[in-house]
J.: 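This is the structure I have questions about; it appears just below.
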Amino acid sequence: MDSLRVIIACVVLFCPLQVTSFVPTFSTSSSVSKSRGQDARSVTGIKYRDKSSDHDNNAVGPLFSTKASRRSKASSSKGNKEPEKSQLGFGENPNGVPFIRTSDRISVTDDLDQQHAGFKRHNNAVSGAVSGLLSHIIPGRRDQLVSATPEWKRLQKHAEYIKGTHLRNLLKEEERCDTMFASHDGIYCDYSRQRATLETLDLLLELADARDLKGKMNAMFEGEKINFTEDRAVLHTALRADRSKVGTVHVDGVDAIQEVHEVLDQVKYFTDAVRSGEILGYTGKRMRNIVSVGIGGSYLGPEFVHECLKTEPEGINSALGYSLHFLSNVDPVDVERTCADLDPEETLIVIVSKTFTTAETMLNARTMRQWLWDFMGNDKEVVRKHVVACASVSATDKVKAFGIDTENYFFRFWDWVGGRYSVCSAAGAVPISLLYGYDLFEKFLLGARSVDEHFITAPLNKNIPVLMGLLGVWNMSFLGYSTRSTLPYAEALLKLPAHIQQLDMESNGKSVTRAGIEVDYPVGEVDFGEPGTNGQHSFFQLLHMGQTVPCDFIGFVQSQHDIVIDGEALSAHDELMANFFAQPDALANGKTADEARADGCSEELLPHRIFKGNRPSLSLLLPKLTAYATGQLLALFEHRTVVQGFIWDINSFDQWGVELGKKLAIDVKQHIEKARLDPEQKPVNTGNPATSRILNYYVDNTHRSTGDDAVEANSLTRVTRKTYRDGKDHVPPERHDLGYKSGKLS
């Protein structure tokens, strides 16, 4: 094979086409051929498909294609028409950077009698393909897909063996079961019910070493700009770093941990002052209601933490007399539900938006500002005393323009904090500390810090988030399980599955590697979940008898609040945990025909009563759901997501897919606005017949008037303001929603 590669190299280097004249300079990273004014990435790991035989060659495929030559001659006879890019196997990643589709056939042939211009275009097009070919031939020039590595191929071969095993038998191996667990600081992780053996773990760890997992973890903690598409560091771990670490992590010359603790000190002072009554509202009243306005990571993470602490004993005592509400959906009904029964004079609005430009958040922010003005007048001091902002330092001017006091009511975070990783920043610190006090939030940070230290110091074979991440890669990329379920056996964790949905699916829902090469292996699970035992009566039927879905069970030794009824042998928590322990075994072992017959099942119903089992799961058991444990869980799943991204060689820290929908929504809004204001009511034309049709249906059937009868602005609506408290003295208003156009609560 080595000799063959040398021969192919010689052909490429010395053939009459003189391919070397346009081969880019070799580099260990992606390079750009500036001399031709185009992006020409040096890529490797290309798999060539021989379409004539429908056979994938693991090494390099044939350099010349008879079919491609015939197509080239046909094109030449019709005026030297150039090949399409798709014929050459080229595409573009979300940033418009060219990449090579590994599923397409790449041809390096063309007629020698092409015109000069066409020949130059052809040379530029195939240069990336040739550099990819040479990267297979010349040692040290490989920037290949992880699926082409020996470690990956050994796992693929091993997966074929595992598919012939059954968990029913694997769980009888005592040595295996005694080995397949890990623990740290009260966290017990049992992964013996994964479809894996001790050899599987060894192979996964070899893959981790080959991908330099440890080096990538260190790079993240040290502030290297691993989010390369946005040129940013990834430092959510710095948000909970100990103050003693000040001076150890710098980004663009700025001490990141020093910055973090300055903001945390500001959060502590402000939230303590609000809770003590030192800081009052515009009318001199204490602010007891907090409305956090944000979406995505600015909402899902903080709400997950809030739900955990709401029934935690210390949280209950700390929150007495206060309330916290989250306003995330741009649907006006969410505003109505959030503001119901709230006294604006006692309400503090927290706007959480990294850029202070997120469309949904800023519309809701303007709505809440108008709500305050409707009740207390249009004085700018209303906003300065009732609205605070959590945003990036780069958004300071926008925060100030909104009317917020940037000296005292602005809590910054940084571009190196991604939204879905921002729970430990001001985005979570301000609303959680306002409700529960800063001291309880600090305990949450300590729990996350504990797992951070475990993640960066523990050996990989005993590292819980690393093991969880490697098993996630195993299930997704090798066993073909594209869905995963999070099943917390604690009602207080009811918002954890939603947080994990965003954390995982926004991070790893990608299709190209860091080098811009389209992946040829599955990445990015679909995540869903529900607290037990509610989920058992919802979708567990599918888990047991439908498609296979790996499950993550989360349980606690002690309940936040246990109940023991007189005459009952077990507590309610014991009843809950009995299900926690039983479900993984039921999924793993299933139920055989003989077992069904032993239960009295008739032969007629036997096919309906057999459970195949062999369905993998992982169990996490913690002492008790406290603020500290909540922080531990948060960090566990954050690091699991990062590990999978590192192994898959994708960027887990950008989210360009979210931007496309936002852009199209702006276009649609312009069409709607034009239709609303058009006196001739001409039909909307978006250029897409399907979209135009449904949009016209919406516009034509909108019941609300958009003309001169819109409600006029009223700077002070005292009756509405008083209605929620003493309606007996005032006639309630007929309308309780936001007036169209005027935006007034009338």
J.: Would you call R640 and D552 a salt bridge, using N to O less than 4.0 angstrom?
T.: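 Yes, this pair counts.
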J.: Does the ring center of Y436 lie less than 6.0 Å from the ring center of Y322?
T.: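 No, the ring of Y436 stays outside the 6.0 Å limit from the ring of Y322, centre to centre.
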J.: Is it true that K225 and D252 have a side-chain N and a carboxylate O under 4.0 angstrom from each other?
T.: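 Salt bridge: yes.
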J.: Using only heavy-atom distances, determine whether the side chains of D343 and N289 contain a donor-acceptor pair under 3.5 Å.
T.: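 No - no donor-acceptor pair under 3.5 Å links their side chains.
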J.: Knowing that exactly one of R420, R484, K510 qualifies, which makes a salt bridge (charged side-chain N to carboxylate O under 4.0 Å, His left out) with D504?
T.: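 Running salt bridge (charged side-chain N to carboxylate O under 4.0 Å, His left out) over R420, R484, K510 with D504 returns exactly one hit, R484.
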J.: Is it the case that over 12 heavy atoms from other parts of the model lie below 6.0 angstrom from the CD1 atom of I694?
T.: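 No, the 6.0 Å shell around CD1 holds no more than 12 heavy atoms from other groups.
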J.: Would you please classify the geometry between the Y409 ring and the F270 ring as parallel, tilted or perpendicular, with 30° and 60° separating the classes?
T.: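 Plane angle over 60°, so perpendicular.
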J.: Between T641 and H639, do the side chains contain a donor N or O and an acceptor N or O under 3.5 Å apart?
T.: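 There is no such pair between these side chains.
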J.: Taking it one step at a time, do S652 and N508 satisfy side chain to side chain donor-acceptor pair (under 3.5 Å)?
T.: CA-CA 5 Å; S652 299; N508 292 336; 2.6 Å; yes
J.: Determine whether the side chains of E345 and T283 contain a donor N or O and an acceptor N or O closer than 3.5 Å.
T.: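 Indeed, the side chains of E345 and T283 share at least one donor-acceptor pair under 3.5 Å.
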J.: Determine, for K310 against E491, whether the closest basic-nitrogen to carboxylate-oxygen distance falls under 4.0 angstrom.
T.: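 Salt bridge absent between K310 and E491.
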J.: Any salt bridge between K443 and D439, counting N to O under 4.0 Å?
T.: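 Salt bridge absent between K443 and D439.
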J.: Looking only at the side chains, is there a donor atom on one of H671 and N685 sitting less than 3.5 Å from an acceptor on the other?
T.: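 Result is no, nothing qualifies.
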J.: If we ignore angles and hydrogens, is there a donor and acceptor under 3.5 Å between the side chains of T626 and E312?
T.: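 Absent: no donor and acceptor within the cut-off.
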J.: Between R275 and L435, is there a donor-acceptor pair closer than 3.5 Å when you use the side chain of the first and the backbone of the second?
T.: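 Answer holds: yes.
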J.: If we ignore hydrogens and angles and just use 3.5 Å, is the side chain of N651 paired with the main-chain N or O of N227 as donor and acceptor?
T.: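 It does not hold such a pair.
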J.: Fit a plane to each ring of H236 and Y421, take the angle between them on a 0 to 90° scale, and name the class: parallel (under 30°), tilted (30 to 60°) or perpendicular (over 60°).
T.: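 Judged by the thresholds at 30° and 60°, the geometry between H236 and Y421 is parallel.
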J.: With a 4.0 Å cut-off, would you call R412 and E407 a salt bridge?
T.: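 Salt bridge between R412 and E407, a charged N being under 4.0 Å from a carboxylate O: no.
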J.: Determine, step by step, whether N364 and E360 satisfy the side chain to side chain donor-acceptor pair (under 3.5 Å) criterion, reporting the C-alpha distance in whole Å, the side-chain angles of both residues, the deciding distance to 0.1 Å, and the verdict.
T.: CA-CA 6 Å; N364 280 336; E360 301 93 332; over 6 Å; no
J.: Just by distance, no angles: are the side chains of W656 and T229 close enough, under 3.5 Å, to form a donor-acceptor pair?
T.: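 Per modelled atom types, W656 and T229 side chains form a pair under 3.5 Å.
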J.: Side chains of Q501 and E506: donor-acceptor distance under 3.5 Å anywhere?
T.: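 On atom types as modelled, these side chains do not qualify, holding no pair under 3.5 Å.
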J.: Regarding T686 and T691, do their side chains bring together a donor and an acceptor under 3.5 Å, going by distance alone?
T.: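 Checked: T686/T691 side chains show no N/O donor-acceptor pair below 3.5 Å.
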J.: Is the distance from the ring center of Y438 to that of Y269 below 6.0 Å?
T.: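 When the ring centroids of Y438 and Y269 are compared, they turn out to be at least 6.0 Å apart.
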J.: Is the shortest distance from a Lys or Arg side-chain nitrogen in E307 or K495 to a carboxylate oxygen in the other one below 4.0 Å?
T.: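 Answer for the salt bridge query: no.
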